Number of protein chains: 2
Amino acid sequence: MSNQEALSQYDSSLFRTPDGYTSDIAVFTITSHQLAEYTPPKMTLKLMLIKRALLNAEGQTNIEAGKWALPGGFVQAAESGFEAAERELEEETGVSSIHIKHFGVYDKPGRDPRGWILTNAHYAIVPEHSLVKRKANDDAAEVELFSIDEVLTLELAFDHYDIIKEAINRITNDLLQTTVAQNFLPNYFTYSELQALLLTVTKDPAISSDQSFARKIKTLPFIQAVPGEKTQRTSKSPTQLYEFVDIDVVKPIYTARY
Amino acid sequence: MSNQEALSQYDSSLFRTPDGYTSDIAVFTITSHQLAEYTPPKMTLKLMLIKRALLNAEGQTNIEAGKWALPGGFVQAAESGFEAAERELEEETGVSSIHIKHFGVYDKPGRDPRGWILTNAHYAIVPEHSLVKRKANDDAAEVELFSIDEVLTLELAFDHYDIIKEAINRITNDLLQTTVAQNFLPNYFTYSELQALLLTVTKDPAISSDQSFARKIKTLPFIQAVPGEKTQRTSKSPTQLYEFVDIDVVKPIYTARY
DNA sequence: ATGAACAATTAACTAATTGTTAATCGTTTA
DNA sequence: TAAACGATTAACAATTAGTTAATTGTTCAT
């Protein structure tokens, strides 16, 4: 009794199967405003959306045309949903080998009027400069960055409201509870750059106080100073550069201070 | 140019679609050994697996027969993957309205020899007593609980090794960084019961020290003492009972102590 | 009754960390 | 040459953590 034997008896046409399998990507970036030279940046977390074109590549009326949506597309049989997300992100923004993370599946019956279509939701973190060379493809009429506050007020396609809401929630938690922050920063960064980044998603006084945060960063086991490396990009006096150490940290909420 | 018009032009038979869509559930429970009356319990985190039967319901050779696997099954067109997980968990264990959480999709090409079959991975938390009345269904020859250490040494079906590894990782993190622990405990619990639970996934001295933990629990904003409620189930002298308060907590790793 | 046993709780103390304000440093620029 | 300013260090009181020891409340064996 082998798997071969079992396989010969299996026939997927006996029951209904999905009509489509897609991957969507919430592409986050940080826009960094440096008000003047030698000052720390002010950062804002932004999400990239595309406006769905009126006509698709075949010249037919496009589904959910004119609404804002996450970039994405159909998964091919020879790839995983994750690989499809990588491919589509590359097609959409020209960015590859970047941080992408799966965070959910959206499959509520009726979510897509075309039929039983499932989507994998991912979020990606890309540096701002890589979005400059983004190009609209056939399906995407416009591409734009929205701040976290404004994005949920837009008219969004399909169930992308729910997906985006969860994406924002997820990246906020991950930024604070994991070391994904490193994907928004250069390899070597100053304490004030990391601080500016974290302040896009929290108001914790332990982070917003310069003195406390500068003191704290030296004790974090997943960050280390790079000996001798300094920069002047955030201040006139040369500032110590730090880098992430590749360990993963899980800190219980039961031992934190409140 | 309406969605109607666009829909009439959409034909999913033009491209290949998945051959099946399933949901699997990693069912965790805590087995609680109370060594004697009036003592705190020793707890162990366990995962429920089923041994795949040699023949399926139709009397045909079953796929991946004889291996240990996560319970699960096909998602129906009228339900979401999450609802399918709920339904299957209920069929498998008789448990409903319990904590279930989606944590990943497994869709690597070739993962299932029957074709392009995707699975949604969930984990569920069920009280130990509910697994007593579990019943084997047609596909499941045997049902057994395995400790976290031994489960990864078994011969597992499909890519369930990967799924289980991630499930363990996820529940460990969630137990420490969220308030899911409440799903393993009675509504009112003592500090030593919560402590025993957390010690199944961490060795943090701040948790393993009775004195520190008993002092700390009073300051946690998501746990409160239930006035006047005491129990003797963990000690001869009546012990204060606590309950979870329904707020969610996100504590940055950047402000923790190391 | 009496005391041993034991989990829960409190006390007490030292060490470490935090929030805060103030001072100092290094460099640019007017 | 000094003002400006971010980075860094100093200093200190307040809080918290880790630890050991003592106390409390109850059961149970004698």
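Here is how names work: the chains are called A, B, and so on, in the same order as the sequence lines, proteins then strands, and each is numbered from 1. The shown structure was predicted, so the numbers you read here are calculated from the model rather than taken from an experiment.
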B/Lys236 atom NZ is separated from D/dT27 atom P, nearest whole Å, by 9 Å
The correct set of residues in residues 184-206 of chain B placing a heavy atom under 4.0 Å from DNA chain C is B/Tyr191, B/Ser192
Is any side-chain N of the basic residue among B/Arg87 and B/Glu83 closer than 4.0 Å to the acidic one's carboxylate O? no
Checklist entry - Looking at A/Gln232, does any N or O in its side chain come under 4.0 Å of the phosphate oxygens OP1/OP2 on C/dT28? => result yes
* Looking at side-chain heavy atoms only, is the closest gap between A/His160 and A/Tyr106 below 4.5 Å? -> no
So, with a heavy-atom separation below 4.0 Å from DNA chain D, the residues of residues 249-258 of chain B are B/Arg257
A/Tyr242 meets the ring pair (Phe, Tyr, Trp, His ring centres under 6.0 Å) criterion, sequence neighbours left out, with none
Determine all donor-acceptor pairs shorter than 3.5 Å in which one atom belongs to a side chain in residues 195-205 of chain B; sequence neighbours excluded.
unit_1, atom_1, unit_2, atom_2, d
B/Gln195, NE2, B/Ile207, O, 2.9
B/Gln195, NE2, B/Ser208, O, 3.4
B/Gln195, NE2, B/Asp210, OD1, 3.1
B/Thr200, OG1, B/Leu197, O, 2.7
B/Thr202, OG1, B/Asp204, N, 3.2
B/Asp204, OD1, B/Ala206, N, 2.9

| query | Taking the inter-plane angle between the rings of A/Phe28 and A/Tyr123 on a 0 to 90° scale, is it parallel (under 30°), tilted (30 to 60°) or perpendicular (over 60°)? | reply | perpendicular
So, with a heavy-atom separation below 4.0 Å from DNA chain D, the residues of residues 32-44 of chain A are A/Tyr38, A/Pro40
Per the under-4.0 Å heavy-atom filter, residues of residues 210-221 of chain A near DNA chain C come out as A/Gln211, A/Ser212, A/Arg215, A/Lys216
Between A/Thr234 and D/dA7, does any side-chain N or O lie under 4.0 Å from OP1 or OP2? yes
Less than 4.5 Å apart, any side-chain heavy atom of B/Leu194 and any of B/Ile223?
yes
